[in-house]
Amino acid sequence: MNQQCKVAIVGYGGMGGHHADHLLELEAFDVAGIRDIRDSQQDLARNKGLHVYAELEDVLADETVDVVLIATPNHIHKEIAVKAMRAGKDVICEKPATMNSREMEEIIEVEKETGRRFVVNQNRRWDEDYLVVKKLHDEQTIGEIFNVECRVHGSRGIPGDWRQQKEFGGGMLLDWGVHLVDRVLLMFNEKVSHVYCKLNHVRNNEVDDGFKMTLTFESGRTAFLEVGTYNYINLPLWYVNGTRGSAVIHDWSMKGEVVHLETDEQKDAVPITAGAGLTKTMAPRRDDGTVRHLPLPRVDSHINEFYLNVKESIEGTADILVKNEEVLQVMRLLEAAFESDASGQTVAIENKVGV
Ligand code: NAD
């Protein structure tokens, strides 16, 4: 490879533009140019001083290009990736890598056959909110985590054009679900035994404009994952239950807290009036020292690690962080989620999914 890794971006829309801006800030990378089918995007790139390739074939024939970065709508990721690897290019591909697990298996085959790298931009593994929850899990700060809930809420429906259509791989399960599932599988490092999913079609009958999914892991712990695009009041981004406490992260500004159980000593709860009744079980804890309120831990992370890891893994100096076997497991799990929605039943995974 060149000292600088030269990247050609195919699909110069929202995310393609974001990648270009980012890569140009990194010394280890250069942007060779872009390919987009729309004139407007070609003009935008030219105005930014970027080279514009007329056709995909011109990208693939350019010997100075090391990596093809695919940021097109989802339905053509596989086709472009296969062509690029066969042309001797390594590939960075946007998520969801493919439309289904069969396509992902095909990509893994071509990767083996050509010896090229295919790496998926699971960038939300570098989100601080996720890394804080993972830290709570890894360090057992609130004991054994037996339930996590992650909710991503918006109120504007599905944005844009292709995301609203099935043939292009639209819908929120493929869009955000792929991130949320990827992260909990990585965090718990445990097989999923069951998945239940209900897709929402608030205003879009063709694809889901949100979903609610419960993953049950072999140990019995659960992950509840929710995406909503018609939520005018947001629930917290994360709500986490451990055997010795709870944690909440309200939003991406990292507002939230940890409540830690300090002692197992039982002090008598005082019943409270709740609605039309009385409860002792649900009475809030008094300020009796049995729990402590802590700030959320913070985690330093930067998405640059992803790009640099791709370069280093191509050069053979690092193991790849986003592994294709993990991507394949997520695709299989999303298929189980679609199956659950169609049948209205919980789907047993039978060792097909999990790491
Ligand atoms: P977008 O619609 O803004 O951009 C897609 C671009 O691809 C458009 O400019 C379109 O003209 C172009 N295009 C379509 N077909 C093409 C082809 N055959 N050859 C070349 N260009 C083509 O969409 P977006 O929001 O940028 O999403 C693109 C991809 O990035 C999707 O896979 C999406 O899931 C992913 N994405 C990832 C993240 C993330 O955080 N990882 C965020 C947003 C989008």
Side-chain angles (χ1 to χ4, degrees), residues 7-23 32-48 50-60 65 68-84 87 89 91-100 103-104 107 118-130 152 154 156-183 207-208 227 229 252 301-307 310 321-322 327 330-331 334:
V7 181
I9 297 173
V10 180
Y12 188 68
M15 205 54 198
H18 180 76
H19 281 294
D21 292 347
H22 210 106
L23 288 168
I34 70 101
R35 158 72 187 140
D36 198 291
I37 52 172
R38 284 190 296 166
D39 291 345
S40 62
Q41 300 314 107
Q42 296 175 11
D43 290 345
L44 194 67
R46 277 191 202 98
N47 290 339
K48 287 201 165 195
L50 294 172
H51 172 66
V52 174
Y53 294 93
E55 299 293 341
L56 176 64
E57 284 61 35
D58 300 327
V59 176
L60 304 183
V65 170
V68 171
L69 189 156
I70 303 169
T72 61
N74 306 332
H75 67 302
I76 42 167
H77 288 180
K78 189 210 80 176
E79 185 187 318
I80 298 171
V82 167
K83 281 186 182 164
K89 310 297 184 195
V91 173
I92 297 175
C93 185
E94 263 308 335
K95 45 50 64 176
T98 54
M99 300 281 275
N100 51 51
E103 284 191 354
M104 189 61 204
I107 281 183
F118 175 86
V119 191
V120 182
N121 182 34
Q122 292 297 156
N123 54 333
R124 293 203 170 276
R125 291 186 183 188
W126 279 266
D127 284 0
E128 193 186 5
D129 56 281
Y130 162 67
V152 181
R156 295 186 180 84
I158 304 176
D161 39 20
W162 62 266
R163 274 187 179 77
Q164 307 200 11
Q165 295 172 59
K166 207 179 173 95
E167 66 172 301
F168 300 113
M172 287 296 116
L173 190 56
L174 282 175
D175 195 48
W176 268 95
V178 77
H179 287 300
L180 305 190
V181 170
D182 175 64
R183 299 190 307 188
V207 296
D208 67 288
V227 170
T229 54
W252 285 297
S301 75
H302 203 287
I303 188 60
N304 286 353
E305 192 187 358
F306 168 76
Y307 296 105
V310 174
L321 289 172
V322 179
V327 172
V330 173
M331 290 313 300
L334 293 185

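Just so you know, residue 1 is the first one in the sequence shown, and it goes up from there. One-based numbering, in listed order, for ligands and for the atoms of each. The structure presented is a predicted model; accordingly, all values stated were derived computationally and were not measured.
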**OP:** Looking only at non-hydrogen atoms, find the nearest pair between Ala8 and Val65 and report the distance.
**Re:** CB-CG1, 3.9 Å
Subject >> Closest approach of any protein heavy atom to atom 3 (O) of ligand 1, naming residue and atom >> reply: Gly14 N, 2.9 Å
**OP:** Provide, to 0.1 Å, the distance between atom 4 (O) of ligand 1 and the closest protein heavy atom, together with that atom's residue and name.
**Re:** Gly13 CA, 3.3 Å
**OP:** For the residue pair Asn121 and Glu94, confirm or rule out a side-chain donor-acceptor distance under 3.5 Å.
**Re:** yes
Original post:
Parallel, tilted or perpendicular for Tyr53 and His51, by the 30°/60° rule?
Top reply: perpendicular
**OP:** Would you mind listing which atoms of ligand 1 come within a distance below 4.0 Å of any non-hydrogen atom of Val10?
**Re:** 20 (C)
Original post:
Which atoms of ligand 1 have any heavy atom of Arg35 under 4.0 Å away?
Top reply: 20 (C), 21 (N)
Original post:
Looking only at heavy atoms, is any part of Asn123 under 4.0 Å from ligand 1, and if so is it the side chain, the backbone, or both, or is it neither?
Top reply: side chain
Subject >> Side-chain (Asp208) to main-chain (Met172) donor-acceptor, under 3.5 angstrom >> reply: yes
Original post:
What distance do Phe118 atom CZ and Met104 atom CE have between them, rounded to the nearest 0.5 Å?
Top reply: 5.0 Å
**OP:** Find the distance between CD1 (Ile37) and CG (Leu56) and round it off to the nearest 0.5 Å.
**Re:** 11.5 Å
**OP:** Report yes or no: does Arg124 contribute a side-chain atom to a donor-acceptor pair with the main-chain N or O of Arg183 at less than 3.5 Å?
**Re:** no
**OP:** Heavy-atom distances under 4.0 Å are what count here, so tell me which part of Glu94 touches ligand 1: side chain, backbone, both or neither.
**Re:** side chain
Subject >> contact_flag Gly160 ligand 1 heavy-atom lt 4.0 Å >> reply: no
Original post:
What is the minimum heavy-atom distance between Ile107 and Val82, and which atoms define it?
Top reply: CG1-CG2, 4.5 Å
Original post:
In terms of atom number and element, which parts of ligand 1 are under 4.0 angstrom from non-hydrogen atoms of Asn74?
Top reply: 31 (C), 32 (O), 33 (C), 34 (O)
**OP:** Among all protein heavy atoms, pick out the one at the shortest distance from atom 5 (C) of ligand 1; state its residue, atom name and that distance to 0.1 Å.
**Re:** Ala71 O, 3.6 Å
Original post:
Should the proximity of Ile80 to ligand 1, defined as any heavy atom under 4.0 Å, be assigned to the side chain, the backbone, both, or neither?
Top reply: neither
Subject >> Subset of ligand 1 atoms that lie under 4.0 Å from at least one heavy atom of Gln41 >> reply: 9 (O)
Original post:
Do ligand 1 and Arg124 have nitrogen or oxygen atoms that lie under 3.5 Å from each other?
Top reply: no
**OP:** Return the minimal non-hydrogen interatomic distance between Asp175 and Val178, and the atom names on each side.
**Re:** O-CG1, 3.5 Å
Subject >> Enumerated ligand 1 atoms positioned under 4.0 Å from heavy atoms of His77 >> reply: 32 (O)
Original post:
With the threshold set at 4.0 Å, does a side-chain nitrogen-carboxylate oxygen contact exist between Asp182 and Lys95?
Top reply: no
Subject >> Mode of Lys95 contact toward ligand 1 - side chain, backbone, both, neither (heavy atoms, under 4.0 Å) >> reply: both
Original post:
Which of the atoms in ligand 1, numbered in the order shown and given with their element, are less than 4.0 Å from a heavy-atom of Ile76?
Top reply: 15 (N), 16 (C), 17 (C), 18 (N)
Original post:
Quick one: nearest non-hydrogen protein atom to atom 27 (O) of ligand 1, plus distance?
Top reply: Trp162 CZ2, 3.5 Å
Original post:
Heavy atom of Gln122 under 4.0 Å from ligand 1?
Top reply: no
Subject >> Side-chain (Arg35) to main-chain (Ile9) donor-acceptor, under 3.5 angstrom >> reply: no
Subject >> Nitrogen or oxygen atoms of Met15 and ligand 1 under 3.5 Å apart >> reply: yes
**OP:** Considering only non-hydrogen protein atoms, determine which one is nearest to atom 12 (C) of ligand 1 and report residue, atom name and distance to 0.1 Å.
**Re:** Asp36 OD2, 3.2 Å
Subject >> Shortest protein heavy-atom distance from atom 29 (C) of ligand 1, along with the residue and atom involved >> reply: Thr72 O, 3.3 Å
**OP:** Please work out which of the three classes, parallel, tilted or perpendicular, describes the rings of Trp126 and Phe306, given edges at 30° and 60°.
**Re:** perpendicular
Original post:
About how many Å separate CD of Gln42 and CZ of Arg46, when rounded to the nearest 0.5 Å?
Top reply: 5.5 Å
Subject >> Protein residue, atom and distance nearest to atom 15 (N) of ligand 1, heavy-atom basis >> reply: Ile37 CD1, 3.3 Å
**OP:** Provide the number and element of each atom of ligand 1 under 4.0 Å from a heavy atom of Asn121.
**Re:** 41 (N)
Subject >> Sub-4.0 Å heavy-atom contact, Arg163 with ligand 1 >> reply: yes
